[in-house]
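Order of the sequence lines fixes the chain letters, A, B, ..., with proteins taken first and strands second; residue numbering starts at 1 for each chain.
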Amino acid sequence: MNLKDKLPQNFYTQDVHSVARELLGKLFVRKLNGKALVGKIVEVEAYDGSYDEASHAFRGKTKRNEVMFHPGGLLYVYFTYGMHFCCNVVTGKVNEGKAVLLRGLEPLEGIETMAFNRYGKKKITQKELVNLANGPAKICDAFGIARENNGTDLTGDKIFIIDSKKISTSKIGISTRIGIKKSVDLLWRYYIKENLFLSRK
DNA sequence: TACTAGATCGGCT
DNA sequence: GCCGATCTAGTAG
């Protein structure tokens, strides 16, 4: 991991689908209490507010989704099901309302901290390791991301993403998105094929 | 392995 | 008042 390879703002202002695909394989970093928690991005979903009924941004700007309407490069964190947080990378230009939901990370660094955040213990089984961050709410739990991180600037030094070798197109899987009831046919979920840390096969 | 229910609360109709 | 970009534990097969 080379900190010089932190993704710049102009990475995030690209089209939401380009950002979604290119985020695969990159390293999501969260500094927590002086330590770095790092995970490789293995699964994401695109949400395009302009014609995507499943997107929080579909009905326009509100107090909750306001961050989505900023230019790309911010973290959009929302609270759901009365108990979980999920986080998104805001993309595109101002007022577009588009974002990429992080759905699966492969834990690389700070695993003991993540384990403690999720399971209340530092030593975990192989099964628990696989389940550490293979889902949107699990990511936020493991990485200690909550309401107060909504709107975090990803070009800053608290939460950011490190570039890495691009995943070849042949290794990227595409499917419908998970857990939604509207716009269910859009093939806007992208993932690294055969990775162990996917929320689903 | 597969399906179901329950937890729990903020946002929006 | 209803329902959600979820997760877990429980039961049944």
Side-chain angles (χ1 to χ4, degrees), chain A residues 12 15-17 19-21 23-24 28 39 41-70 72 74-92 96-107 114-121 124-152 154 159 161 173-192 195-201:
Chain A
Y12 299 103
D15 166 74
V16 65
H17 295 283
V19 174
R21 280 190 297 264
L23 277 176
L24 294 174
F28 182 80
I41 299 171
V42 303
E43 177 182 346
V44 299
E45 284 175 358
Y47 284 87
D48 179 341
S50 56
Y51 62 104
D52 171 10
E53 290 190 79
S55 170
H56 291 169
F58 182 66
R59 286 167 220 289
K61 194 195 287 188
T62 65
K63 196 170 180 182
R64 172 173 70 153
N65 67 22
E66 185 263 335
V67 169
M68 288 183 82
F69 290 85
H70 281 256
L74 298 188
L75 194 71
Y76 167 51
V77 180
Y78 68 90
F79 181 64
T80 192
Y81 290 104
M83 61 185 77
H84 296 304
F85 292 97
C86 298
C87 68
N88 297 249
V89 171
V90 177
T91 72
E96 284 188 357
K98 304 184 186 187
V100 175
L101 172 71
L102 302 182
R103 284 200 61 91
L105 297 186
E106 175 177 336
M114 296 182 203
F116 192 79
N117 289 342
R118 288 262 298 134
Y119 297 107
K121 58 183 184 180
I124 53 174
T125 64
Q126 177 65 23
K127 191 174 178 181
E128 287 168 329
L129 176 67
V130 169
N131 284 296
L132 212 46
N134 63 343
K138 296 177 187 179
I139 291 171
C140 288
D141 203 9
F143 282 72
I145 292 170
R147 211 182 309 276
E148 66 269 20
N149 301 295
N150 186 34
T152 301
L154 295 172
I159 302 175
I161 300 174
I174 298 175
S175 80
T176 55
R177 295 173 294 177
I178 294 171
I180 53 172
K181 296 209 168 87
K182 302 169 193 161
S183 300
V184 293
D185 294 328
L186 298 171
L187 298 171
W188 287 1
R189 171 174 176 254
Y190 304 97
Y191 58 93
I192 299 178
N195 184 279
L196 189 57
F197 299 87
L198 299 176
S199 67
R200 287 198 201 168
K201 298 295 173 201

Any chance you could measure A:Asp48, atom CG, to A:Asp15, atom CG, to the nearest 0.5 Å?
-> 8.0 Å
Given pairs defined as Watson-Crick or G-U wobble with both distances under 3.5 Å, what dot-bracket annotation applies to DNA chain B, with ( ) intrastrand, [ ] crossing, | other strand and . unpaired?
-> |||||||.||||.
Under the side-chain contact (heavy atoms from CB on, under 4.5 Å) rule, what do A:Cys86 and A:Arg103 come out as? Steps first, then yes or no, please.
-> CA-CA 8 Å; A:Cys86 298; A:Arg103 284 200 61 91; over 6 Å; no
Answer with base, sugar-phosphate or nothing: what part of the nucleic acid does A:Arg118 contact at a heavy-atom distance below 4.0 Å?
-> sugar-phosphate
Testing A:Pro136, A:Ser55, A:Cys87 for side chain to side chain contact (heavy atoms under 4.5 Å, CB included) with A:Leu101, which one passes?
-> A:Pro136
Map A:Tyr119 and A:Tyr78 onto DNA chain C by nearest heavy atom, then report which one ends up closer to the 5' terminus.
-> A:Tyr78
Apply ring pair (Phe, Tyr, Trp, His ring centres under 6.0 Å) to A:Phe79 and list each qualifying residue two or more places apart in sequence or on a separate chain.
-> A:Phe85
Validation row: A:Phe143, A:Leu102 side chains within 4.5 angstrom (heavy atoms) = no
If you walk 5' to 3' along DNA chain C, what is the first nucleotide with an atom under 4.0 Å of a heavy atom in chain A, and what is the last?
-> C:dG4 to C:dT8
Go through the side-chain N and O atoms of A:Asn131 and A:Lys127 and say whether any donor and acceptor fall under 3.5 Å apart.
-> no
B:dC3 and C:dA5: how far apart are their P atoms, nearest whole angstrom?
-> 22 Å
Ignoring hydrogens and angles, state whether a donor on the side chain of A:His17 or A:Tyr190 is under 3.5 Å from an acceptor on the partner side chain.
-> yes
d(A:Ile159 CD1, A:Asn149 CG) to nearest 0.5 Å is 4.5 Å
In whole angstrom, give the distance that lies between atom CZ of A:Arg200 and atom P of B:dT1.
-> 16 Å
Mind checking whether A:Val42 and A:Leu24 have side chains closer than 4.5 Å, heavy atoms only?
-> no
Quick one: does NZ or CZ of A:Arg200 land under 6.0 Å from the six-membered ring centre of A:Tyr191, within 45 degrees of the ring axis?
-> no
With a 4.5 Å limit on heavy-atom distance, are the side chains of A:Trp188 and A:Val16 in contact?
-> no
Indicate for each nucleotide in nucleotides 3-13 of chain B, in 5' to 3' sequence, whether protein heavy atoms under 4.0 Å reach the base (B), only the sugar-phosphate (S), or nothing (-).
-> ----BBBSSSS
Kindly write out the residues that satisfy side-chain hydrogen bond (donor to acceptor under 3.5 Å, both in side chains) with A:Glu53, not counting sequence neighbours, or none if the list is empty.
-> none
Tell me, yes or no, whether the heavy-atom count around A:Lys182 atom NZ, taken from other residues, nucleotides or ligands under 6.0 Å, exceeds 12.
-> no
With a 4.0 Å cut-off on heavy atoms, is A:Leu101 in touch with a base, just the backbone sugar-phosphate, or nothing at all?
-> base
For DNA chain B, which residues in residues 128-145 of chain A have a heavy atom at a distance below 4.0 Å?
-> none
